[in-house]
Amino acid sequence: METQLSNGPTCNNTSNGPSTISNNCSSPVESGSIEDSKTNLIVNYLPQNMTQEELKSLFGSIGEIESCKLVRDKITGQSLGYGFVNYVDPKDAEKAINTLNGLRLQTKTIKVSYARPSSASIRDANLYVSGLPKTMTQKELEQLFSQYGRIITSRILVDQVTGVSRGVGFIRFDRRVEAEEAIKGLNCQKPPGATEPITVKFANNPSQKTSQALLSQLYQSPNRRYPGPLAQQAQRFRLDNLLNMAYGVKSRFSPMAIDGVTSLAGINIPGHAGTGWCIFVYNLAPDADESILWQMFGPFGAVTNVKVIRDFNTNKCKGFGFVTMTNYDEAAVAIASLNGYRLGDRVLQVSFKTNKTHKA
DNA sequence: TTAAATT
């Protein structure tokens, strides 16, 4: 696994960017209202199965949304893992950044930030860097590249098991010209203290994932921001699911059977609302809001909607709320994990919603 | 040894 000797096309000056983009289509941003907007956000690292409606549901819990778009592959329709949310009120956009940036959803930690005005100059500004010293940190990587422009994101890929650097990373610049200069300046150069030169070139687009690739994705430690017990249970559960997908291991639950029965026979099953599984959450604090429900349930799987029930006059939470999850088994694990969970000084009761109007 | 960042 050594990339010694400069074999092949390692150290020529590649400028293999996508051949010139034809610009005959109408420019996407001409309304003027979006440029330099304090209301328009870009949301990155969304779970693959998250829909535009779920995106709107999540961000709509902050404030009124003017428009919302999940970006999809033009041909397959698959989510590209990012989207845009444009609020009516700039203060809601700011609040969304403060409360939703870093939110864990399934295997992802989403990023919420202001969208830059769309233009050709910010496209294709992403670099692939390899041959990095294994000891180089993300910060050091940024320091190396920052002399060429404003860095939007940086990342060093790590071994899924050991967490050690793979010597491969990405740098996204604000503008393509900055990326071009960085290639000229750093490709085939040795970073300070390094013994081998690095390779810097334009990055490819990420490829579609098979379920096998999904497996390896799970093992690599994502962002270790809030590695609490809940997240660990959720991750353990996802691992079970992925093992099922990859190797056909039977799960403890049988979501397909139950969902099938429900849709075919119309049998009333607790929590089943047609569009998903409705979960009742009891003993929330008066100041609870939707974000706490997203935070608690999001790591367990696909959450399509959350709602805190409030008093009409005081606008305080009446002590309960609802969460809708798409998949039965994820909902079941969330309930099993969160029922009895201590939130602040309260112990939550979590169950599938029933049709009872009151408890006897 | 290439991960979902500009509608």
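Lettering of chains follows the sequences in order, A, B, ..., and the numbering in each one begins at 1.
- Phosphate proximity of B:dA3 to A:Arg172: absent, as no side-chain N or O sits under 4.0 Å from OP1 or OP2.
- A:Lys111 has no side-chain polar atom (N or O) that falls below the 4.0 Å cut-off from OP1 or OP2 of B:dA4.
- Atom-to-atom, CG of A:Asn204 to P of B:dA5 comes out at 14 Å; the value is rounded to the nearest Å.
- The side chain of A:Asn44 places an N or O atom within less than 4.0 Å of a non-bridging phosphate oxygen (OP1 or OP2) of B:dA5.
- Separating the CG atom of A:Leu132 from the P atom of B:dT1 is a distance of 12 Å, rounded to the nearest angstrom.
- Atom-to-atom, CG of A:Leu80 to P of B:dA5 comes out at 9 Å; the value is rounded to the nearest Å.
- A straight line from CZ of A:Phe202 to P of B:dA3 spans 19 Å, rounded to a whole angstrom.
- Using a 4.0 Å cut-off between charged side-chain N and carboxylate O, A:Asp174 and A:Arg116 make a salt bridge.
- In terms of polar N and O atoms assigned as donor or acceptor, the side chain of A:Asn40 comes within less than 3.5 Å of the base of B:dT7 in a complementary pairing.
- Whole-Å rounding puts the A:Gln78 CD to B:dA4 P distance at 15 Å.
- For the pair A:Arg176 CZ and B:dT6 P, the interatomic distance rounds to 12 Å; values are reported in whole Å.
- Between the C1' atom of B:dT7 and the NZ atom of A:Lys74 lies a distance of 9 Å, rounded to the nearest Å.
- Cation-pi geometry between A:Arg176 and A:Phe202 is met: under 6.0 angstrom from the ring centre, within 45 degrees of the axis.
- Toward the 5' end of DNA chain B, the nearer of the two residues A:Gly81 and A:Lys69, judged by each one's closest nucleotide, is A:Gly81.
- Within the 4.0 Å cut-off from OP1 or OP2 of B:dT7, not a single side-chain nitrogen or oxygen of A:Arg116 is found.
- Using a cut-off of 4.0 Å between Lys/Arg side-chain N and Asp/Glu carboxylate O, A:Glu94 and A:Lys91 are scored as not salt-bridged.
- Distances from the side chain of A:Ser118 to the nucleotides B:dA4, B:dA3, B:dT6 place B:dT6 closest.
- The phosphate of B:dT2 (OP1 or OP2) has a side-chain N or O of A:Arg166 nearer than 4.0 angstrom.
- Side-chain N/O atoms of A:Thr153 include none lying less than 4.0 angstrom from OP1 or OP2 on B:dA5.
- Here A:Val71 is tied into one hydrophobic group with A:Ile42, A:Leu80, A:Tyr82, A:Phe84, each link being a pair of ILVMFWY side chains closer than 4.5 Å.
- Checking B:dA5, B:dA3, B:dT6 against the side-chain heavy atoms of A:Tyr45 singles out B:dA5 as nearest.
- Taking a centre distance below 5.5 Å and an interplanar angle below 30 degrees as the stacking criterion, A:Tyr82 does not stack against the six-membered base ring of B:dA5.
- Closest contact between the side chain of A:Phe170 and the listed nucleotides B:dA4, B:dT1, B:dA3 involves B:dA3.
- What separates CD of A:Gln160 from C1' of B:dT2 is a distance of 13 Å, to the nearest Å.
- Heavy atoms of A:Ser119 sit nowhere under 4.0 angstrom from any nucleic acid atom.
- Partners of A:Lys190 according to the side chain to side chain contact (heavy atoms under 4.5 Å, CB included) rule, which considers only residues two or more places apart in sequence or in another chain, are A:Pro197.
- In this structure, the side chain of A:Ser61 engages the main chain of A:Leu58 through a donor-acceptor pair within 3.5 Å.
- Nearest to the side chain of A:Ile42, among B:dT1, B:dA3, B:dA5, sits B:dA5.
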